[in-house]
Amino acid sequence: MREITYRDALREALSEEMQKDETVFLLGEDIGRCWEGAFKVTKGLAEKFGDERVRDTPISESAIVGAAVGAAITGMHPIVEIMFGDLTTLAMDQIANQAAKIRYMFGGQVEVPLVVRTPFGGGVNIAAHHSQSLEAWFMHIPGLLVALPSTPYDAKGLLKTAIRGGDPVMFCEHKLLYPIKGLIPDEDYTVPFGVAEVRSEGKDVTIFATSFMIHKALEAARMLKKEGVSVEVMDPRTLVPLDKAKLISSVQKTGRLVIVSEGCKTAGVTAEIAAVVAEEAIDYLDAPIKRVAEPDTPIPFSPPLERYVLPNEKRIIKAVREII
Amino acid sequence: MREITYRDALREALSEEMQKDETVFLLGEDIGRCWEGAFKVTKGLAEKFGDERVRDTPISESAIVGAAVGAAITGMHPIVEIMFGDLTTLAMDQIANQAAKIRYMFGGQVEVPLVVRTPFGGGVNIAAHHSQSLEAWFMHIPGLLVALPSTPYDAKGLLKTAIRGGDPVMFCEHKLLYPIKGLIPDEDYTVPFGVAEVRSEGKDVTIFATSFMIHKALEAARMLKKEGVSVEVMDPRTLVPLDKAKLISSVQKTGRLVIVSEGCKTAGVTAEIAAVVAEEAIDYLDAPIKRVAEPDTPIPFSPPLERYVLPNEKRIIKAVREII
Amino acid sequence: MDKAKMVKIYRKMLEIRFFEEKVFELYGQNLVPGTIHLYAGQEAVAVGVCENLREDDYIVSTHRGHGHCIAKGAKLDKTMAEILGKKTGYCKGKGGSMHIADFSIGMLGATAVVGAGLPIATGAGLSIKLRGTDQVVACFFGDGASNQGTFHEAINIAAIWKLPVLFVCENNLYAMGTCQTQVMLLKDIAKRASAYGIPGVSVNGNNVLDIFEVAQEAGKRARNHEGPTLIECKTYRHKGHSRFDPATYRPKEEVKAWLEQDPLHQFKKWLLEAGNVETTYLDQIEKQVITAIESAVKFAKDSPYPDPHEALEDVHAEWR
Amino acid sequence: MDKAKMVKIYRKMLEIRFFEEKVFELYGQNLVPGTIHLYAGQEAVAVGVCENLREDDYIVSTHRGHGHCIAKGAKLDKTMAEILGKKTGYCKGKGGSMHIADFSIGMLGATAVVGAGLPIATGAGLSIKLRGTDQVVACFFGDGASNQGTFHEAINIAAIWKLPVLFVCENNLYAMGTCQTQVMLLKDIAKRASAYGIPGVSVNGNNVLDIFEVAQEAGKRARNHEGPTLIECKTYRHKGHSRFDPATYRPKEEVKAWLEQDPLHQFKKWLLEAGNVETTYLDQIEKQVITAIESAVKFAKDSPYPDPHEALEDVHAEWR
Ligand SMILES: Cc1ncc(C[n+]2csc(CCOP(=O)(O)OP(=O)(O)O)c2C)c(N)n1
Ligand SMILES: Cc1ncc(C[n+]2csc(CCOP(=O)(O)OP(=O)(O)O)c2C)c(N)n1
Ligand SMILES: [Mg+2]
Ligand SMILES: [Mg+2]
């Protein structure tokens, strides 16, 4: 085992898969040798694999994703980096209408092995156009898989699974996770899609949290423990497919559910998780479900404002207390 | 009172508001005198108001919506028609990042009085790129209002409210509703946003349904009545703002909730409604919440396939029976 | 061009024409679900371009795609079956008229989102470049599509990376009811090529030999790693845009003038006069084509609809 | 041009330069949240264009927008306060450096989505046309933005409707680390105008008088209902793209050559030599500008941050 950052873990996955499989290549704005990615995930890769396979593009999000679709259906395994998740809005036809639907519309003739990596999330004061979390949109489009690793281990393992698969994967990273460190094995490994991970066992309440919010949830769990509240923290790791079984069995055990996710509350990730439980496991609940997410506002610039809208430990603890 | 179609009701709203307010104008592909709208909503309007105010555009969805944003913030009231709802994906940056956020980002300096009319829904065998329902995406973006009229009365009244307001409104029509008829008053009227309508009173179960699905829900209610099941059918009319109070009081009365909406199930409209109830009214529930929506597939072309995925009376009745 | 090739071109054009006439007829009989966009009148474009392509070359198509499919070599029966929503269609009935694909012959599919095919074609071109083969891609789209942002983004990318793509704009003067003159100031869409530093050629889209030549040249450049070409084919659709469109927005004289320049009739005339082909031979071909179409129709009609629950299949790849 | 105007131009350019230097300094002191994109080096463009505009004319800006704001007449103090995230800023701290707007002077705001401003500017132009006023819109964007689909769609629409828009491309050779030559084959972005049938002009973006003239001409056309113009200003940013960018991807000689053509120094030289302005006068202006900036900084620093719960305001219009 080695300790590396989330950023490095992603890079290792890219590098190892490119090494192994000639059809894997990267494209995106400023991922090449001049800039090496806005968040430096592709650092050194252009030097290692050449400019052809680590391909800087014009600022043309729609055509970048579209080009990846065209490459994917003709034998390649493209990995796109969209510099900020907010900018996937520019490529939404190619993502939701083309990449996601091609396999289905054409009766299963072809796979669309394509990964779109993009960072979501707030916390760095870059305001409304660079801080959103739009995973819920992707969840809503059949054909897409949605991964959102919260640790370096998962970042590497899930990305490898994404690259080796045959489906378009929206690979949702988080700006604040890039520098965090974690242990990963020395040997090749993958993390399967659709298998949630219990990050902390508990029996009084389940906190289902995604991406960076896992760390806030764990922090909340530690603080609650001091008050004698035993919290189970569950990380879905992928939202599509979703590990419903584990979610439900945790709720069965604890009888209480707090769902935490960045992104706006209404019609967001927390809505779907709440709905699944309300539909399939309501009898296990001993209290209302609680959702902790952004209020329905764009992300503001000024630090006190941004802090106010982003979910945090305090709000999680408050939600737990309300149903305990 | 007069009986007119949904299509005519929409046209009347457009025409009357254009008559009243010089700043109101229309733009979109083929809405002008040559074609008069793919669904003929703008029939006769170019003749009446001229080509300047009923403006045919190139096939440039992103720039059309963007142009409307620019016009809206400089004193005009543009109404955009996007020919099919699926194509809003091409304008999603302008919708979700610009129209929705401009007022907020700029500290409330300006309003963005803009209506985007677009038809959603399946049922006419035009396959995956022309049959989606994406209202859930819009719900997830703060700043947007989301209306989805199910009757001619609401079509006219809600559209007038949308036009007279100061916010960007995603006005979601339904292809199968255009020809349906209903009564409307002779005099000017509006339908307020955020006020749900009970379409049929009942006491055993609440069916919350949207847009065209209201009619399926009413049909289901009629059939269930014969079996002695008393169904309350609720039409939200707008999803943002959402009339939570009425939803919750109905659930309080019936103790049972079936949510019906086109659009894919996962992270769709039905998820948010279920989540609201699971969070705020779970104690009133005597049974699990049921969601009736499209399964997570694109809309297939062939009639038997399409029929299979679209929600219908049968599936609604089945859902009701499962919790009664 | 040898005679066999000329005759093959004629046969293909005829296949498309008769196929579309049949689709129109079946539509009238309520056998075609949804809508249709007929290719009749534009046959020279698809055939003139595709006759330069190998089976392993690619094409990307549009909502008006039947002609592209047939020109690239798709089977008439499976194409017709798809249009009728049958289980035996290319896409098992999931795609329909606007979403036909046949990956076995490099037909990468039709998209019904106007302009969405250009980036995909560019990506196929990139794939060719990265795999180091000498394939090419032909990307069909309309005059209307050339105002989409994707036109700009995709052609620019193909230009800078010198990708082997033929961007074939079928300028039939209208996008639904919208005349080209309403939505762009240029007369020749090919001139937009200069914005990307690539060659642009406008060609008579009703003359299959002219198109063949221009596409041949563009194909050579593409296979030679010299990059993409924008080819504008000036043509006309014989029918309305879609199912119920009477196309009254088109001046009668305009329609008349274009019908007189029917690409099929013109080419037939040329074959007989300059090509040294005999009438009887062409008649024979015509009969063969009619038979082939009849049998495709029979196949399609006789085929079953998909089972409803098949709607749930093909969403994801096998690995799940 | 009279002397007063020349001096005003100089003062504006100086304001922008010193303002940006201050922002850079404050940034180093950790007083500027988020990131910044400095305008230093490109002052001639914003000022040359905006000096042709009236207060009721509009501009649309970008992530690199401080210069546009100041040139259009925004107050230094409220601009600085916004950049520092203060309640007294133009957007009450909600927008920050990348989203400044001042609707009272026709500054319609900056968008941080590259290329997203072009359709908005086109819409403002449409609004002018429909309202029948003689205003114009200047839309600023970068070389990188000119590869976005919105560039194509928006300029085409402005062209066909003859909208009063000046599309001002600030070609500073780079989009982040990406050099123009990597992402387009053309040298002159202005040539893309020909794809839309409108005039395109490339101008020395470091010569404020040249820009002024070109923009004047374009402004006249616009006010005369003759439609939009694409103006490409060749210029250079003095600093890296954003906060931490050392810009090592730019060759040293290139940087040196451009720094020698500093628009501010050039114009100062010209004012002294050809413009008959005295050094002492310019020194006096410089002092005034420094004072103004100091006071803006003081205002911004002294201003309070917004109250956290203000985050929930301004989402919707009043009518709800
Ligand atoms: C992005 C998009 N906008 C609008 C439509 C509706 N639509 C379908 S075909 C068409 C016209 C296309 O015109 P053109 O590109 O010239 O092709 P043609 O139909 O003439 O072959 C339109 C507007 C669509 N399918 N996709
Ligand atoms: C659509 C979009 N893609 C990518 C980015 C990230 N980004 C911010 S500025 C920038 C470069 C813009 O270059 P250019 O248009 O030349 O303007 P400049 O920064 O040189 O002023 C990029 C890629 C963005 N903000 N928006
Ligand atoms: Mg056309
Ligand atoms: Mg630049």
Side-chain angles (χ1 to χ4, degrees), chain A residues 61-62 86-90 92-97 100-101 104-105 127-129 132 134-143 239-240 242 257 259 263-283 285 287-291 294-298 300-301, chain B residues 61-62 86-90 92-97 100-101 104-105 127-129 132 134-143 239-240 242 257 259 263-283 285 287-291 294-298 300-301:
Chain A
E61 280 77 6
S62 177
D86 315 67
L87 308 174
T88 60
T89 51
L90 289 157
M92 220 34 98
D93 169 61
Q94 290 292 338
I95 293 170
N97 287 334
K101 295 183 173 54
Y104 186 84
M105 291 194 305
H129 283 171
Q132 286 167 93
L134 295 170
E135 296 91 341
W137 277 16
F138 306 138
M139 289 176 79
H140 190 44
I141 301 297
L239 288 169
V240 181
L242 178 68
L257 177 62
I259 310 164
C264 294
K265 181 170 177 178
T266 297
V269 170
T270 61
E272 175 61 23
I273 303 305
V276 164
V277 172
E279 211 175 23
E280 301 182 25
I282 203 165
D283 293 342
L285 285 174
I289 293 172
K290 282 279 163 188
R291 298 192 279 165
E294 291 160 15
D296 291 324
T297 76
F301 165 68
Chain B
E61 280 76 7
S62 177
D86 315 68
L87 308 174
T88 59
T89 51
L90 288 158
M92 221 31 101
D93 169 61
Q94 289 293 339
I95 293 171
N97 288 333
K101 295 183 172 57
Y104 187 85
M105 291 194 305
H129 284 169
Q132 287 167 91
L134 296 171
E135 296 92 340
W137 277 16
F138 306 138
M139 289 175 79
H140 190 44
I141 302 298
L239 287 169
V240 181
L242 177 69
L257 177 62
I259 310 163
C264 294
K265 181 171 178 177
T266 296
V269 170
T270 62
E272 176 60 22
I273 304 305
V276 164
V277 173
E279 211 176 23
E280 300 182 24
I282 204 165
D283 292 342
L285 285 174
I289 293 172
K290 282 278 163 189
R291 297 192 278 165
E294 292 160 13
D296 291 324
T297 77
F301 164 69

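Protein chains get the first letters and strands the later ones, always in sequence-line order, with residue 1 at the start of each.
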Listed partners of Glu61(A) passing salt bridge (Lys or Arg N to Asp or Glu O under 4.0 Å), at least two apart: none
Please flag which part of [X] lies under 4.5 Å from any non-hydrogen atom of chain B: side chain, backbone, both or neither.
X	answer
Met139(A)	both
Val277(A)	neither
Leu87(A)	neither
Ile289(A)	both
Ala287(A)	backbone
Leu285(A)	side chain

Answer yes or no: is there a side-chain heavy-atom contact under 4.5 Å between Val276(B) and Arg291(A)? yes
Under 4.5 Å from any heavy atom of chain A - which part of Ile95(B): neither
Taking [options] one by one, which has the highest count of heavy-atom pairs under 4.5 Å against chain B?
options	result
Ala96(A), Ala136(A), Pro300(A), Ala100(A)	Pro300(A)
Asp86(A), Thr297(A), Leu90(A)	Thr297(A)
Ala267(A), Ala274(A), Ala278(A)	Ala267(A)
Glu294(A), Lys290(A), Glu272(A)	Glu272(A)
Leu134(A), Ile141(A), Thr88(A), Leu257(A)	Ile141(A)
Gly263(A), Pro288(A), Gly143(A), Ser62(A)	Pro288(A)

At their closest point, which heavy atom of [X] faces which heavy atom of [Y], and how far apart are they?
X	Y	value
Asn97(A)	Gln132(B)	OD1-NE2, 2.8 Å
Pro142(B)	Pro298(A)	CG-N, 3.7 Å
His140(A)	Gly268(B)	CE1-CA, 3.4 Å

Counting heavy-atom pairs under 4.5 angstrom with chain A, the leader among Val269(B), Ile273(B), Leu239(B), Thr266(B) is Thr266(B)
Heavy-atom pairs under 4.5 Å with chain A - which of Glu279(B), Met105(B), Lys101(B) has more of them than the others? Glu279(B)
Can you list the residues that meet the side chain to side chain donor-acceptor pair (under 3.5 Å) rule with Gln94(A), with sequence neighbours excluded? none
